[in-house]
Amino acid sequence: MPAVKGDGMRGLAVFISDIRNCKSKEAEIKRINKELANIRSKFKGDKTLDGYQKKKYVCKLLFIFLLGHDIDFGQMEAVNLLSSNKYTEKQIGYLFISVMISAHNDLMKLVIQAIKNDLSSRNPIHVTLALQCVANIGSREMAEALGTEIPKLLVSGDTIDAVKQSAALTLLRLLRTSPDLINITEWSSRVIHLLNDQHMGVVTSAASFIEALVKRSPEEYKGCVSLAVSRLSRIVTSSYTDLQDYTYYFVPAPWLSVKLLRLLQNYPPPEDPAVRTRLTECLETILNKAQEPPKSKKVQHSNSKNAVLFEAINLIIHMDSDPNLLVRACNQLGQFLQHRETNLRYLALESMCLLATSEFSHEAVKKHQETVITSLKTERDVSVRQRAVDLLYAMCDRTNAEEIVGEMLEYLESADYSIREEMVLKVAILAEKYAVDYTWYVDVILNLIRISGDYVSEEVWYRVIQIVINRDDVQGYAAKTVFEALQAPACHENMVKVGGYILGEFGNLIAGDPRSSAIIQFQLLHSKYHLCGPATRGLLLSTYIKFINLFPEIKGDIQNVLKSNNNLRNSEVELQQRSVEYLQLSTVASLDVLATVLEEMPPFPERESSILAKLKKKKPSSVPDGPEEKKEHKLPQAQMSNNIEVHALPAISAASLSTPIASSTGSADLLGLGAPTVAPSTGGGGGGGLGGLLVDVFDTPTQNGGGMDANGLSAGSDENYRKFICKNNGVLFENDSLQIGVKSEYRQNLGRLGIFFGNKTSFQFTGFTADLVCPGNLGDQLSCQPKPAGEVIECGAQNQQVIQAECVTEFSDAPVLNISYTMSGSIQRINLKLPIMLNKFIEPAEMDSATFFTRWKALSLPNQECQRIFKAQFPMDIEQVKTKLLGFSMSVILDIDPNPENFVSAGILYTRTAQIGILARLEPNKQAQMYRLTIRSSKESCPSVLCDLLESQL
């Protein structure tokens, strides 16, 4: 046993030695039980125990607890040790309390009182012990009791540096666990000026605390920018000998440098030219130092140096304003792409993904295309290969799209299974986004299906069919290409689906060639029939009935197939029903009726690609947009589509014949009311390029901080709420840790919302709750029935909450969604307005001119009309205004108003007990950039509410 000197607690040393010498688990338990009995008897029977003995026994209990045994006594003795004036006794008391006593223990009031006494002590060691205990426990009760005491220690001129460090970190812990209880507004300027403190330890601790405050209230603490730049400048321009106590392997204060660079990423570039110039000089200095030869060969030196460098590059990307810095950062990262250290290659690829989104550095990133492609093919680490795929996706534009897509297709044949589905989505998006020749697009998608058919989701082949139907110039080529693809001996089922659909619509375009005559097309498709699942067989049956209309000469062959027992008596009800109905249709209907019912599918309305929505939903991590879409760059955050629509294609036959076999995507019909998922085209054909298909006409979601506004709502809640007035799907809230997306559908007075909570962090969310509150009388006007969201959200995962809504009567307020969860021991709270507005329960109404004016004149009472004249907030683009009116759930009726530039709309508002007519007239004045909006309704409370909503969108 080692020698024990002075206050070494010999009894504890003997006990630990006995435990170590035990030969079996049973012997250890026996020795522990004996010791516990002895300690219990001492605590109960001996009233004269001095501080040393209490400390010794409390230490033994703590050691036993750390061995994994339960301890149910000794807490009071530990609390008594807090009143001791001896450092060792007080230290053991605080240690025991921090480890053994929970935040809700009955003794917590005594502990808090003892902490208060120590915080007011003149002995800095006692103050530090108390602060460490508060930081370890960090309970809400402590925040309430000590929330005003600790900030005074932090800003007091009499407080020594070590105490200030502990106070800053303690406040950071309390701010994370109880943000609503920590209010240091009156000391904010003094807290900010801690960045100028002479002691580097205080500055380091304060920087972490200030960053947390900035995320909550950026405007209140924006004064920290100039101080942070000043301090950063002093660090990066100093030599490693100037800050010897805070130099780590020849790198001056790397941790503080990283904290300051991260702090500056919460603000736009400084407006003050002097501060901005100084910050630019700092960043240039950091980039210059990265080029210098290393001062040490040890890994700690390179790690600390690169940590500062990558954080500086993140700040350069965030600022996105200095082309020189962005290009230099890109060149610096390019040197890391072939570095022998895997982590550096990974980080370089990840940062270059962000640089590729900037218009200033996009071309510089493209210069490394060959290196990235080589990395994709030769890299051993799958996570690095995945980042290489992300970078190729981000750097792609019209000039290199064919080359990048070709390389990705080539690699796809040998790609890891874990990244194949994501690669398929990205290839499909790039091919659609940058297609100049749509025959190339068709080739790419068919190659995708051939190479990785199992990973081609329905969104991908739905999309190629939509595009082929909308573009007359590619229909013949698509029919010829799928016909050739179907001749392969091994043909994936998705290829059969695409082939069946396209040949059913456009097979007549290639039937003139004897090699692809009508009967050969039919026989080729039917040779795949028995190999397919029920959904594909249903589609092929619809193709066959289409063939009867296109090729009457093979009507008998098709009827024989429909008559077969395999179809008429199929165990799948859907196939049986289709066979019977199609057989009857082909027998009874005349040629004119057949031609009408089985006419070519109308063009699909143009909308954002559902493939892009699926990619963003599948991968909550950053999916950078190209520079063409992202002129104003922000720090990388997970983005959901602003217009998430996953549409199931209808069966080839008309909707009146049969509904499609159940869609594989649950979002096709949220209400389950059987509404058609693809509306017929309202325009005159599907011409036009696809350049706008991936772009939403509305704004992108606002990034949100963690603060609350005057109404108790999270910052940005009102702004994001208004963005849903004319759309049903998108991102409602987003910060560094959580993304909340909404997908909704409405049918008359009923609505259904899917709320998606995405965890963007590497930590688990626990205790997750999302409660719906209807303020005021809203509960009587709007019925909302939420289902509970899961209590745990794993890192990188999504939970869904479904809310059923019913409009009982007209309303103007919005329900509030109160979200709470725990992340890394810190309780997070978010309060959001749920985007359920009155216009969501409107159905568009069509009418002729006479009917409209008759109803307009009938609604002539003053309380039935609301008229507003207001300045246009957005460019007065006719197509965008039309899109917004349609998104507002109103029809746009043409050729009614004498002025062709005016818009006339109509709709019916459905409530539980009534149907309310809504008429609207919008008169734009382009010269004055003004609108006059008039809304009339049979219910007097509706016009003003609807005017408020629509005015905010114009």
Check: [Y] and [X] side chains under 4.5 Å, non-hydrogen atoms:
X	Y	result
Val365	Leu391	yes
Leu817	Asn831	no
Tyr267	Tyr221	yes
Glu379	Leu376	no
Lys298	Tyr249	yes
Ile740	Val731	no
Asn314	Leu261	no

With a 4.0 Å cut-off, would you call [X] and [Y] a salt bridge?
X	Y	result
Asp736	Lys760	no
Glu363	Lys366	yes
Glu311	Arg262	yes
Lys164	Asp161	no
Lys723	Asp718	no
Glu292	Lys289	no

To check you understand the geometry: which heavy-atom pair defines the closest contact between [X] and [Y], and what is its length?
X	Y	value
Leu349	Ala388	CD1-N, 4.0 Å
Ala207	Leu256	CB-CD1, 4.1 Å
Ala394	Cys353	CB-O, 3.8 Å
Phe360	Asp320	CE1-O, 3.5 Å
Arg173	Asn136	NH2-O, 3.5 Å
Met352	His368	CE-CD2, 3.4 Å

Residue list, salt bridge (charged side-chain N to carboxylate O under 4.0 Å, His left out) with Asp322, at least two apart or on another chain: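 Once residues adjacent in sequence are excluded, Asp322 has no partner under the salt bridge (charged side-chain N to carboxylate O under 4.0 Å, His left out) criterion.
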Aromatic ring proximity Phe310/Phe336, centre distance under 6.0 Å: yes
Aromatic contact, Trp255 with Tyr248 (centres under 6.0 Å): yes
Around atom CZ of Phe763, are there more than 12 heavy atoms from other residues, nucleotides or ligands closer than 6.0 Å? no
State whether the number of non-hydrogen atoms from other residues, nucleotides or ligands found under 6.0 Å of His193 atom NE2 is greater than 12. no
Donor-acceptor side-chain pairing of [X] and [Y] below 3.5 angstrom:
X	Y	result
Tyr87	Asn123	no
Ser737	Tyr821	yes
Gln332	Gln291	yes
Ser375	Arg387	no

Does the structure place the NZ or CZ of Lys295 under 6.0 Å from the centre of the six-membered ring of Phe250, at an angle of no more than 45° from the ring's axis? no
Is there a side-chain hydrogen bond (donor to acceptor under 3.5 Å, both in side chains) between Arg345 and Thr342 once you walk through the steps? CA-CA 5 Å; Arg345 296 197 300 275; Thr342 305; 3.2 Å; yes
Tell me, please, which residues at least two apart from Lys259 pass side-chain hydrogen bond (donor to acceptor under 3.5 Å, both in side chains). Ser208
Would you call the rings of Phe765 and Phe768 parallel, tilted or perpendicular if under 30° counts as parallel and over 60° as perpendicular? parallel
